[in-house]
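Throughout, protein chains are lettered first and strands after them, A, B, ... in sequence-line order, and every chain is numbered starting at 1.
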Amino acid sequence: MPELPKTYDAKAVEAKWTPQWEESGVFAAGQRPDAETWTCMIPPPNVTDRLHMGHALNNTLQDIMVRWHRMQGMDTLWLPGTDHAGIATQAVVERKLYKESKVTRHDLGREEFLKHVWAWKEESGGTILQQLREMGCSCDWSRTAFTMDENLTRAVRTSFVKLWEKGLIYRGARMVNWDCQLQSAIGDDEIDEKEQAGHLWYFRYPYEDGSGHVTVATTRPETMLGDTGVAVHPEDERFRDHVGKNVMLPLANRPIPIVADDSVDPAFGTGAVKVTPAHDFADYERGERHGLPMINILHKDGTLNAEAGAYEGLPREKARKKVVEDMEAAGLLEKIEDHTIRLPLSDRSKTPVEPMMSEQWFVKMKDLAQPAIDAVSNGDLNIRPERWTKVYLDWLLNVRDWCISRQLWWGHQIPVWYDEDDTPVASEHDLQIGDPHPETGKPIVRQDSDVLDTWASSWLWPFSTLGWPRKTDDLARYYPTQFLATGRDIIYLWVARMVMAGYEFLGACPFRDVYIHANILDAQGRKMSKSLGNGIDPRAMIEQYGADAMRFTLAILTTEGQDVKLAPTKFELGRNFMNKMWNAARFVLTSVPSEAENARPGTTLTDRWILSRLQAATEAVDHGLTHFRFHDAANALYHFVWDDFCDWYLEASKERLAARDLPCGATLLHVLRTTVRLLQPFAPYLAAELHTALGGEGPAATQSWPKAAARDEAAEAEMARLQELIRAVRKLRNENRVQPTAEVEAMVRTDDPAPIMAQEALVRRLAKLSNISAGPAVARPQTSATEVLGADEVYVDLAGFIDLDAERDRKRKELEKAESFAASIDKKLANENFVSRAKPEVVARERERLEEARDKVRRLREALEQL
RNA sequence: GGUCCCAUAGCUCAGUUGGCUAGAGCACUUGGUCGACAACCAAGGGGUCACUGGUUCAAGUCCAGUUGGGACCACCA
């Protein structure tokens, strides 16, 4: 037996197993061709991502599920991969290029720039996957996917063309969020709103007929150059007479109409709203309703265009300043108020987003959404915790068309080509310039330069990773998948869309259970963010406490997806538990004689008891994991190991092992080995290490999962009685300050002495007694302290220790407590309604409890009298 | 404005269809280093379960409302 260190050395163990697992390929799917499959697709992190606590939690939970199912004999596939993350990645590489060589992507040109992005991806894109390996994630690394792999690109093409052919894709001018720096449309999910101190400017717009003016309030003065109307509420008395009149738009000197529109809040500002249909989502709709023209005043880079007249060429901020100055000079600036605004900032460029009209590609969503809606009611899809189902359904029921085009370079270029008349056609295969247009026959002149929104590839993830659109064996075998774990923020961005795509392209829901995990917050309950600098780095936690400790802690903190307030010191719980487990194993390995290997597990009370407790723990872990109650599962394991196995069985076994009790050794080996298997999904490194140390064959990860057998109720009840007795003696010793090394004598007055005396050695050892006697008539020594336990009484002879006054006080308090408890049950039973309406077994139990309570009161009185 | 979640020991949180003398980890108090483990062991103190009302024989648990905190959707001129 090699020397085992006193504390568990996580770092060394992890360094040993991580490469070994990878090389041996134990996690590869397909090794059990006859087994049922269980599949889980990793939510692909962005290639630019570095592991954060959210990833750590999410992947810990997935790994627990995969490992648990793998041990149940299933052919498991946990497929890893990354997302090309269009904007994020392009921005990272652009920044890098500019920093290193002061070149922009425009200097390089599209083709050259993309080479740089690929080079970056090859070099740094695998970081997060490496970090997952170091957490012990049991992914099938041989199937690692990337959303821009050849296969996945083909899937994107095929899906696009299929939707195109169904008429679900259209191109149109719509209002989009425009990032002036990236010069691309961006999605709602790519915007951060930032609360900021701003202003509300009040501008006077004179009536065309010279009869005064109407005042409008705005947070974005420069947009007035694109105003094509002023809206008021139809019921607003102040403006009723003016609706239909024109005002002269200052600076631009255009007449624009006053229109009545329900959407106007009469209480805000002046009750009159300037309408800029080309640069505001709400105004766009108002403009549509009233037939107002749209005037786009911005170039794609955010500078003002020719429509802005004298302001042409100015950047937005300068234009704003100048408009205000000019309005003031014209005497049309009424006032400026402070106003908190929520400024939409682009996630990536951190510049303000402008709502802007532009030509974009859209997917019609309504028809796609219906099967995803039905999936919930027909039971194809379960979202856990269940309350998130509503979030999912609310979005789908109000789904809006999806803007899938982005004016970026990094991503899947839209597979649409145009002929010389600009007639578009979608094609799965590249068309070459000069090829005939499949429909018009005219030569193709160009491909659409836009790329697709990143979600247009990730919504195919559950099957594009398996080879679709090709009919691969993997696709047939592993689709649909069983489980998806993800965060609530992408329920509709990703989960809902995957469900839509699953039904649309394969006619089946892509997964059965979706688990929405907690958000990890800092110790004060704030979101962890880069800007606050309050994030806890999982790698630092692994370094400090170990990967298993981190995983176990995260699992035990995961309760029904409730958010988790996390502080680094919380990981001590996991670390301490790993160390406890380690030391229990160390004890077994060093104290159990080798002959025990050939012995059968013991049949004494404690043996039967610990085996029964092991069954209980197995059941509890199974039950917890079945219902995605990770806390329950981890907690059951924790308390079984710590309380039952270490505190009681191990202590009880010491004396037996000293006498070379082989069945006891066999029991220890059996329980420990089984516990190691139960631990494996949560703490794979320690489990692997102990599995090997205990002589296990084959990888720990593919051992069979323990099957819970029947409990031994009799052994559990009997042991509980002994534990109570031992605790009572320890308590009396402690209260009376008996030296820990001093042995005292105890007597138990009981009608059922046999089970106690049968375990005399155990009780004496654990309660530190020189002698114990039990029987219906044992006498209570004058110098003893008493504890009443159910039907028994225990006396501990404390000659030389006991402080009679203190003992009397304690007993008096206990008596009071017991009396009031008895009284409360008595009252309950005196209630006719309780007796007649409560379930009979509840009443019966209360009667029993009353008997016990009265008995206890009587005994305590006796004891007190004798003191 | 709409939807949802949360409030239990000093702290962080469990508490499954109502039956509870309300639990855990940390912190705290007392004592302890006998060959697994001081990242430990033994024992202990600590809670009118946010508030008000209701349903019920019975409410931490169900219902309504109030207060306080948080998330999301819509709006934000």
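Relative to the side chain of A/R845, the nucleotides B/A36, B/C72, B/C20 differ in distance, and B/C20 lies closest. Looking at the side chain of A/F834, the nearest of the listed nucleotides B/C37, B/G19, B/C75 is B/G19. Among the nucleotides B/G31, B/C37, B/U12, the one closest to any side-chain atom of A/N583 is B/C37. When each of B/C37, B/G31, B/A43 is scored by its nearest atom to the side-chain atoms of A/K731, the top-ranked nucleotide is B/A43. Distances from the side chain of A/W642 to the nucleotides B/A39, B/G19, B/C41 place B/C41 closest. Taking every side-chain heavy atom of A/P740 into account, B/G32 is the closest of B/G32, B/U3, B/U30. Between B/A43, B/A39, B/C41, one nucleotide has an atom nearer to the side chain of A/R727 than all others, and that is B/A43. Side chain of A/N734, nearest nucleotide from B/U30, B/C72, B/G19: B/U30. Residue A/K768 has its side chain nearest to B/C34 when only B/C34, B/C13, B/A14 are considered. Of the listed nucleotides (B/C5, B/G19, B/C40), B/C5 has the atom at the smallest distance from the side chain of A/R387.
Atom CZ of A/R204 and atom CE of A/M327 lie 9.5 Å apart (nearest 0.5 Å). Note that CG of A/N177 and CD1 of A/I191 are 3.5 Å apart. Values are rounded to the nearest 0.5 Å. Between the OH atom of A/Y638 and the CZ atom of A/F682 there is a distance of 14.5 Å, given to the nearest 0.5 Å.
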Handout entry: Criterion side chain to side chain donor-acceptor pair (under 3.5 Å) on A/H233 and A/D261, from CA distance to verdict
Key = CA-CA 5 Å; A/H233 195 273; A/D261 195 280; over 6 Å; no

Exercise for the section: For the pair A/W388 and A/Y392, evaluate ring-ring contact (aromatic ring centres under 6.0 Å, His included) and give the outcome as yes or no after the intermediate values. Expected result: CA-CA 6 Å; A/W388 296 110; A/Y392 169 88; over 10 Å; no

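Where A/E651 and A/G525 each meet RNA chain B at their nearest nucleotide, the meeting point lying more 5' is that of A/E651. Each of A/R629 and A/D643 has a nearest nucleotide on RNA chain B; the 5'-most of these lies closest to A/R629.
Taking only side-chain nitrogens and oxygens, A/R400 comes nearer than 4.0 Å to OP1 or OP2 of B/A74. Here A/R849 reaches the OP1 or OP2 of B/U21: one of its side-chain N or O atoms lies under 4.0 Å away. Dashed line: the shortest gap from a side-chain N or O of A/K654 to OP1 or OP2 of B/C34 is not under 4.0 Å.
Not less than 6.0 angstrom separates the ring centroid of A/Y202 from the ring centroid of A/H213.
When heavy atoms are screened at a 4.0 angstrom cut-off, A/A523 is found touching no nucleic acid atom at all. Nucleic acid contact class of A/Y492 (heavy atoms, under 4.0 Å, all strands): sugar-phosphate only. Using a 4.0 Å heavy-atom distance criterion, A/V835 is classed as making no nucleic acid contact. Contacts of A/R586 with the nucleic acid, taken as non-hydrogen atoms under 4.0 Å apart, involve only primed sugar atoms and P, OP1 or OP2. Across all strands, A/I341 comes closer than 4.0 Å to no nucleic acid atom at all (heavy-atom distances).
The separation of B/G10 from B/G47, taken at their C1' atoms, amounts to 11 Å, rounded to a whole angstrom. Rounded to the nearest Å, the gap between the C1' atom of B/C51 and that of B/A59 is 15 Å. Spacing between B/U29 and B/G19 at atom C1', rounded to whole Å, works out to 34 Å. The same atom, C1', is picked in B/U8 and in B/A14; the two are 10 Å apart, to the nearest Å. With P as the reference atom, B/U61 and B/U17 are 12 Å apart, rounded to whole Å. Taking the C1' atoms as reference points, B/C49 lies 12 Å from B/G23, given to the whole Å. Rounded to a whole angstrom, the distance from the C1' atom of B/G18 to that of B/A27 is 33 Å. Using atom P as the reference point in both B/A9 and B/G15, the two lie 15 Å apart (nearest Å).
Checking B/A27 for Watson-Crick or G-U wobble geometry (two distances, each under 3.5 Å) identifies no partner in any strand. When both distances must be under 3.5 Å, the Watson-Crick or G-U wobble mate of B/U3 is B/A71. Taking a pair to require two hydrogen-bonding distances under 3.5 Å in either a Watson-Crick or a G-U wobble arrangement, B/A64 pairs with B/U52.
A distance-only check finds a donor-acceptor pair linking the side chain of A/R733 to the backbone of A/A742 [under 3.5 Å]. Checked by atom type and distance alone, the side chain of A/R238 pairs as donor or acceptor with a backbone atom of A/P266 at under 3.5 Å.
Scanning atom types as modelled, one donor and one acceptor separated by under 3.5 angstrom connect the side chain of A/K580 and the base of B/C37. On a pure distance criterion of 3.5 Å, no polar donor-acceptor pair joins the side chain of A/R730 and the base of B/A43.
Rounded to a whole Å, the CZ atom of A/R488 is 12 Å from the P atom of B/C6. One atom, CD of A/Q739, and another, C1' of B/U33, lie 16 Å apart when rounded to the nearest Å.
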